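Since the model is a prediction, treat every value here as computed from it, not as a measurement. We number each residue from 1, following the sequence as shown.
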Amino acid sequence: MLNYDKQLREPMDMPDPGFPIKVHTQRFDRAGVVTFPHHWHEHLEFLFIESGEAVFECGRTPFSVQAGDLIAVNSNELHYGISASDDLLYYAIIADTALLHSAASDSAETKFIAPIQQNRLLFSNHVSGDQHISGCALTIIRELERREFGYELAVKAELYRLLALLLRRHGVTELSQAEQTRRIQTIERFAPVLRHIDTHYQEPIFVEGLAALAGLSRFHFSRLFKELTGHTVSEYVNAVRLDRADYMLRHTQLTVSEIAAATGFNDIYYFSRTFKKHKQRTPSSVRGF
């Protein structure tokens, strides 16, 4: 059985629970490869592009990124990535917001840190052409890689500096308590829906069944699903199926027909047409052997 999700989903455990921040290095040598599927988590995440190009989607908005760019993924924000070149290298800095917290109720804590922790301050997602931001990200990455004496102080100092620069230079969205409550409720309501699609993509999936999982009418479910993911249900299900098919094509010896059937496509010709439309390549052309 393929362990697709384990390979592509980012684990949220921290190597040092007493200092909850980590960095992952991600390399992809082909365009069109899903770097991570649609998912969210409570941690802040910063994706820094070292080389190559990619498309990262945050919420409903896709961003084309290149070397030097940074993507800020807010807590509880649905995100997705796909490589757009044959030489993609990026770093994922993942931080628990608890790292930022201070016991003292000073103005920094009350005006910025608490609202960030409470997910009421949302950073702009895409930063391009800002050398100061790039410098901060690279310093955090190098300090976490080398772990020299005092690296914790250096990392925490640079993380605060990064947040200050993002707030000053690139804008921020401030949500009301009601808006934030609605946002979290929507995410929590749709979590079982997205899990169901991720685990049952090879089976027939109907809007009525998904709406029942969310406890909504079909009409309200479809509207909120589009609002959350930026896609209709059929578009999203097809994207999940095609991502799994892409992975199988690269990592298994199953035939194209077998992969089509294993990912919920009963018609090989429809599968091939849909795959080519979304991936800009035929299924046979992405085989890894």
Do other residues, nucleotides or ligands put more than 12 heavy atoms under 6.0 Å from the CD atom of Gln131?
no
Heavy-atom pair of closest approach, residues Pro283 and Leu249
O-CD1, 3.6 Å
Tell me whether Ile205 is reachable from Phe219 by hopping between hydrophobic residues (I, L, V, M, F, W, Y) whose side-chain heavy atoms are closer than 4.5 Å.
no
Rounded to the nearest 0.5 angstrom, the CG-OG distance for Asp96 and Ser75 is 9.0 Å
Quick one: does Thr35's side chain have a donor or acceptor within less than 3.5 Å of a partner on Ser83's backbone?
no
With rounding to the nearest 0.5 angstrom, report the CG to CG distance, Asp29 to Asp87.
10.0 Å
Residues two or more places apart in sequence or in another chain: which of them pass side-chain contact (heavy atoms from CB on, under 4.5 Å) with Asp16?
Phe19, Tyr151
Please evaluate residues Arg241 and Thr274 with respect to the criterion side chain to side chain contact (heavy atoms under 4.5 Å, CB included), reporting the C-alpha separation (whole Å), side-chain torsions for both, the decisive distance (0.1 Å), and the verdict.
CA-CA 10 Å; Arg241 288 171 170 168; Thr274 306; over 6 Å; no
Evaluate the salt bridge (Lys or Arg N to Asp or Glu O under 4.0 Å) criterion for residues Asp243 and Lys279: first the C-alpha distance (whole Å), next the side-chain angles of each, then the deciding distance (0.1 Å), finally the verdict.
CA-CA 9 Å; Asp243 291 346; Lys279 302 292 187 180; 2.9 Å; yes
Hey, quick one: are Phe206 and Val233 part of the same hydrophobic cluster, counting side-chain heavy atoms closer than 4.5 Å, chains of contacts allowed?
no
Determine whether Phe63 and Leu47 satisfy the following criterion, side chain to side chain contact (heavy atoms under 4.5 Å, CB included), listing intermediate values before the conclusion.
CA-CA 12 Å; Phe63 300 98; Leu47 307 173; over 6 Å; no
CG/Leu216 to CZ/Arg189 distance, rounded to the nearest 0.5 angstrom?
4.5 Å
Residue pair Lys276 / Thr282: nearest heavy atoms and the distance that separates them
CD-CG2, 4.0 Å
Supply the atom-to-atom distance Phe123 CZ to Thr173 OG1, rounded to the nearest 0.5 angstrom.
11.0 Å
Smallest separation among heavy atoms of Glu57 and His38, with atom names
OE2-NE2, 3.1 Å
Please tell me if the side chains of Glu50 and Ile141 come closer than 4.5 Å, counting only heavy atoms from C-beta onward.
no
Hey, does Glu42 have a side-chain heavy atom less than 4.5 Å from the side chain of Asn76?
yes
Common cluster, Val23/Leu153, ILVMFWY with side-chain heavy-atom separation under 4.5 Å:
no
Whether Thr97 side chain and Gln117 backbone form a donor-acceptor pair below 3.5 Å:
no
So His39 and His41, would you call those rings parallel, tilted or perpendicular, with 30° and 60° as cut-offs?
tilted
Just jot down the side chain to side chain donor-acceptor pair (under 3.5 Å) partners of Glu208, sequence neighbours excluded, or say none.
Arg218
Is it true that a side-chain atom of Thr263 and a backbone atom of Ala260 form a donor plus acceptor pair closer than 3.5 Å?
yes
Between side-chain atoms of residues 154-169 and protein atoms elsewhere (two or more places apart, or another chain), which donor-acceptor pairs fall under 3.5 Å?
from, atom 1, to, atom 2, distance (Å)
Lys156, NZ, Leu99, O, 3.1
Tyr160, OH, Leu100, O, 2.5
Arg169, NH2, His132, ND1, 3.3

Verdict with supporting geometry, Phe275 and Phe265, ring-ring contact (aromatic ring centres under 6.0 Å, His included):
CA-CA 11 Å; Phe275 191 96; Phe265 292 95; 9.0 Å; no
Evaluate the criterion side chain to side chain contact (heavy atoms under 4.5 Å, CB included) for residue pair Ile71 and His79; output intermediate values, then yes/no.
CA-CA 10 Å; Ile71 290 287; His79 52 294; over 6 Å; no
Taking every non-hydrogen atom, the tightest pair across Ala262 and Tyr201
O-CE1, 4.0 Å
Does one hydrophobic cluster hold both Leu242 and Tyr270, with members joined at side-chain heavy-atom distances below 4.5 Å?
yes
Any side-chain heavy-atom pair of Glu77 and Asn125 under 4.5 Å:
yes
Ser257 and Thr255 side chains, donor-acceptor separation under 3.5 Å
no
Between Phe225 and Leu210, is there a side-chain heavy-atom distance shorter than 4.5 Å?
no
Going by the rule side-chain contact (heavy atoms from CB on, under 4.5 Å), which residues pair with Ser51 if we only count those two or more places apart in sequence or in a different chain?
Leu89
Take Lys277 and Arg273 through the side chain to side chain contact (heavy atoms under 4.5 Å, CB included) test and state the conclusion after the steps.
CA-CA 6 Å; Lys277 177 182 177 181; Arg273 289 197 308 272; over 6 Å; no
So do the side chains of Asn238 and Glu235 get within less than 4.5 Å of each other, counting heavy atoms only?
no
Grab the two heavy atoms, one from Leu228 and one from Leu78, that are nearest each other, plus how far apart they are.
O-CD2, 3.8 Å
Contacts satisfying ring pair (Phe, Tyr, Trp, His ring centres under 6.0 Å) that involve residues 170-199 (not counting sequence neighbours) are Phe190-Phe221, His196-His200
With side chains defined as the heavy atoms from C-beta onward, is the minimum distance between Gln26 and Phe36 less than 4.5 Å?
no
Using side-chain heavy atoms (C-beta onward) and a distance below 4.5 Å, is Phe48 in contact with Ile140?
no
Around Arg27, counting heavy atoms of other residues, nucleotides and ligands shown, do more than 12 lie under 6.0 Å from its CZ?
no
Rounded to the nearest 0.5 Å, what separates atom CD1 in Ile49 from atom CG in Leu88?
6.0 Å
Counterpart residues, side-chain contact (heavy atoms from CB on, under 4.5 Å), relative to Ser128 (two or more places apart)
Asp69, His126
What's the spacing between Phe28 CZ and Asp86 CG if we round to 0.5 Å?
13.0 Å
To check you understand the geometry: which heavy-atom pair defines the closest contact between Ala245 and Phe271, and what is its length?
CB-CE1, 3.6 Å
Beyond-backbone contact of Glu109 with His101, side-chain heavy atoms, under 4.5 angstrom
yes
